[in-house]
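Below, each value reflects all heavy atoms present in this structure, side chains not excepted, and no hydrogens, waters or symmetry copies.
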Amino acid sequence: MKRLGAPPTLPKDIRVWNSRLLAEVQWLSMQGLITVDLAASLRANAGAIDRALPVERSQVDGEDDDEEEPTGSELEDLDGPAPLRVEAR
């Protein structure tokens, strides 16, 4: 595990390190250099580490998601009750 080094301290860096760890474990397991049980245990621990990290939020230009333009269908204002749509089965 000299190739991985010690785990970093920042969440983003830990995620990258954890991904490299999983790749290394998979490679060693495929080559038969570690047991299936050890590989499963290491994968479980990597998953626990990932779940313990704070949720990573993706922000574009520092804007809040609530301020973005809607991407769905345009809604129309109706005068009076909305028409009822019934589908035959």
Exercise. What heavy-atom pair brings Ile14 and Pro8 nearest, and what distance separates the two atoms?
Worked result: CG1-O, 3.3 Å
Exercise. Are Leu4 and Ile49 grouped together when hydrophobic residues (ILVMFWY) are joined by side-chain heavy atoms under 4.5 angstrom apart?
Worked result: no
For this session: To the nearest 0.5 Å, tell me how far Leu21 CG sits from Arg43 CZ.
Result: 10.5 Å
For this session: Return yes if some donor-acceptor pair links the side-chain N/O of Trp17 with the main-chain N/O of Gly5 below 3.5 Å, else return no.
Result: yes
Exercise. About how many Å separate CZ of Arg51 and CG of Leu53, when rounded to the nearest 0.5 Å?
Worked result: 10.5 Å
Exercise. CG/Asn45 to CG/Asn18 distance, rounded to the nearest 0.5 angstrom?
Worked result: 9.5 Å
Exercise. Can Val25 be reached from Leu38 by stepping across I, L, V, M, F, W or Y side chains whose heavy atoms are under 4.5 Å apart?
Worked result: yes
Exercise. So which heavy atom on Ile34 is nearest to which on Ala39, and how close?
Worked result: CD1-CB, 3.9 Å
Exercise. How many angstroms lie between CG in Leu42 and CD in Gln26, if you round to the nearest 0.5 Å?
Worked result: 11.5 Å
Exercise. Quick one: CG on Asp37 to OG on Ser29, what's the gap to the nearest 0.5 Å?
Worked result: 10.0 Å
Problem set entry | Contact check, side chains of Arg15 and Ser19, non-hydrogen atoms, under 4.5 Å | no
